[in-house]
Each structure stands twice: as structure tokens, then as C-alpha cells.
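Whatever order the structure lists ligands and atoms in, that order sets their numbers, starting from 1.
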Amino acid sequence: MHTGNSIWMDGRLCPAGSVSCSLYAHSLHYGSGCFEGMRFYETALGPAVFRLKEHIARFFHSAKAIHLAIPGSEESLCQAVLDTIRQNGFSQGYIRIIGFFEDGDMELHPTSAAMHTAIFAWPWEPRMGRDAICVKISSYMRTPSQSTIITAKLSGHYANSILARREAKEQGYDEALLLDMYGNIAEGPGANFFGVIDDVLITPPPSQLFAGITRDSILQIAQDSGIPCQIDNIHPSQLSSLDEAFFTGTAMEIISIQSIDAVLMKNRKGPIAIQLQKNYCEIVQGRNPQYQEWLSWCGA
Ligand code: PMP
């Protein structure tokens, strides 16, 4: 992974090689960090981050959930993201921002651990629906919302995702699909689930899943394009009646699901997923003026 020559750390850009982290970092041991993953895309006006303001707002929300004080304002952190991309000279890729407790306190409730915020980027081609994937219903339950703060993107949450992804991969699948505590479909390890029945988009309610920014974008794009949307529980017994299914997420973008366990979707890559992928691609690449407020340009 080539993460570029410059990393932003605690308020300033510095050479990547000069940044290190302690073995005693609280977040390394207990998962007490929070983070965001964003994509930036090549546009006619240079690289632009997709929904930067929403990602940074969610980052502050996550940090607050674990009492991690992020210095500065949301605006200043947005600017730091743009500066990091510009400084590294990447035209399209992925950007990570992480807040974490470092050393000074190994108690579960840290009161004197050092806190840091870091931003780093790497070049990454958009996937843009190149493939369709085979999915396995996980034997791991999606962590119930009653067990955590489900709206926060906390590092510790990802133990659940890692176990589910690994199980699916080891059994020859591309990805996992986790059920919630009621046995309904929740989401993938790092993406939200959508199905299509009779030209109506259906996605589970946010009560037992991490409702992503891409999910929100897709719901809005679908609404603007006249595609009816229904927020409702989906039970695995309904899977055979789906015309198509797909995942949405910053990293995956929109990716069609061709099968779930032994159930083949009626369409390997369905027409609604293809249409949404096309719309999404135009929007993130700055080719649809209606959605320009979703883009933040890095500038010269
Ligand atoms: N669910 C989980 C568990 C995730 O980790 C992610 C990725 N952040 C998503 C859904 C999709 O969120 P977003 O669209 O904001 O990337």
C-alpha cells in the first residue's frame, strides 16, 4: 500500500516516515479509535472528495461517542483532508482520517492518554461496478445496536466485520452478509445492503446497522430518478424473490450481488444497479451539476 509521502498529524503535514505510534497505544489494545474512509475522484477541475462534510461530521460524532477530543473545527479538518490530497499529488484515491488514544493510560476508561488525529491517503482506482460478487450469510450476528453506539464508526466495531469477512473468504465467497439479532438482513462487513423487487428498491431500516453515507446518497439519487424506495426489514426467506441485490459503501461504491448462499439473484447485474452506478459515476466525477454540493475540490 503506497500511502504517499505526506501525512497530516495533529495539525500539520509532515513526512510519512517521521510518524510513529507507541506500542502502548490504548486504541491499539482496545479498539478505542474512530475513523472515516472517503474517496476522492478525478474531475475536470482536479480531484474532489465525495461528501467530505458529511464524513467529517460523522467523524466528530464518532469521536464524541468515545470521549475523544478532536481539536479544531469541522471546517478546519475538511481543509486538512484537502491539503493532504493536494500535498501528495494524487488524482484519485482513498483517504483515511483516524482519531485515537495513544500512550499514558491503559485503563479501559482512559483519562490521561495522549490523543491524536491523523490523515493519510493512497491512490485507488474507482471500482464502478466492474464485478458482481458471491455472498455468504454469516454465522456471526451483526453486533446489536443495544451493545454499542451503532451510529459511530469506532475501530472496535470492526472485529465483528473482520470475523465475518474472513469466514466468507475461507469458504470461497467474496463477501459476508450479516443478520441482525432478529434474524433479518443487516448489512455487509463494510457496506449496506439493497434489494430490488418489482422495480422497487428495498433496504433495511437503520436501527440495527451502520447507515452509510453511500446508502444515503443512493436513496437520494433513486428518489430524484423516480425509482421508488422502501425502507423495510428483509428476511433471508425473501431473498429468492429479489430481482437484484447490491451493496453500497465508500470503498465498494455500488457492487452487484450475484448470489447469496445458494440463491442466485434473477439478474447477476440488475438494470437498477447499473443505472444507479452510472448516475453515481457521473456525480462523483463532477459531471452532474445537480449534485455539485456533494463534492469538495482540492484546488491547485
Ligand atoms: N456498514 C459498515 C459496517 C461500514 O463499515 C461501512 C463503511 N463505512 C458502511 C456500512 C458504508 O458506509 P459509507 O457508505 O458511509 O462508506
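Taking any N or O of I213, backbone or side chain, at least one lies under 3.5 Å from an N or O belonging to ligand 1. For R142, no nitrogen or oxygen atom sits less than 3.5 Å from a nitrogen or oxygen atom of ligand 1, counting backbone and side chain alike. Considering backbone and side-chain atoms together, T214 places an N or O closer than 3.5 Å to an N or O of ligand 1. At least one N/O-N/O distance between E187 and ligand 1 falls below 3.5 Å.
Summarising the contacts of atom 4 (C) of ligand 1 with S217, A164, S161, G190, the nearest heavy atom is found in G190.
With N88 contributing its side chain and F90 its backbone, the two residues share no donor-acceptor pair below 3.5 Å. Using a distance-only test at 3.5 Å, with no hydrogens or angles considered, a donor-acceptor pair links the side chain of N192 to the main chain of F210. At distances below 3.5 Å, not a single donor-acceptor pair connects side-chain atoms of E42 with backbone N or O atoms of S91. One N or O on the side chain of E102 and one on the backbone of S22 form a donor-acceptor pair closer than 3.5 Å.
Hydrophobic clustering keeps W8 apart from F120 (ILVMFWY residues linked when any side-chain heavy atoms are closer than 4.5 Å, directly or through intermediates).
Between I150 and R142, the closest side-chain pair of non-hydrogen atoms falls below 4.5 Å. Put simply, the side chain of E175 does not reach to within 4.5 Å of the side chain of I255, judged on heavy atoms.
Residue contact check: F210 has heavy atoms under 4.0 Å from atoms 1 (N), 2 (C), 4 (C), 6 (C), 8 (N), 9 (C), 10 (C) of ligand 1. Heavy-atom contacts of Y158 reach the following atoms of ligand 1: 4 (C), 5 (O) (cutoff under 4.0 Å). The ligand atoms of ligand 1 that sit less than 4.0 angstrom from a heavy atom of K153 are 5 (O), 7 (C), 8 (N).
Here the heavy atom of the protein found nearest to atom 16 (O) of ligand 1 is T250 OG1, 2.6 Å. For atom 12 (O) of ligand 1, the nearest non-hydrogen atom of the protein is G212 CA, 3.3 Å.
If you look at A191 next to ligand 1, the close heavy atoms, those under 4.0 Å, all belong to the backbone. Looking at H157 against ligand 1, nothing comes within 4.0 Å, counting heavy atoms. Here P189 has backbone heavy atoms under 4.0 Å from ligand 1, and that is the only part of it that gets that close.
Residue contacts with ligand 1 include R58, since one or more of its heavy atoms lies under 4.0 Å from the ligand.
Listed by first then second residue, pairs satisfying salt bridge (Lys or Arg N to Asp or Glu O under 4.0 Å) with a partner in residues 241-263 read R39-E253, D243-K266, not counting sequence neighbours.
Checked against a 6.0 Å centroid threshold, the rings of F50 and Y291 do not count as neighbours.
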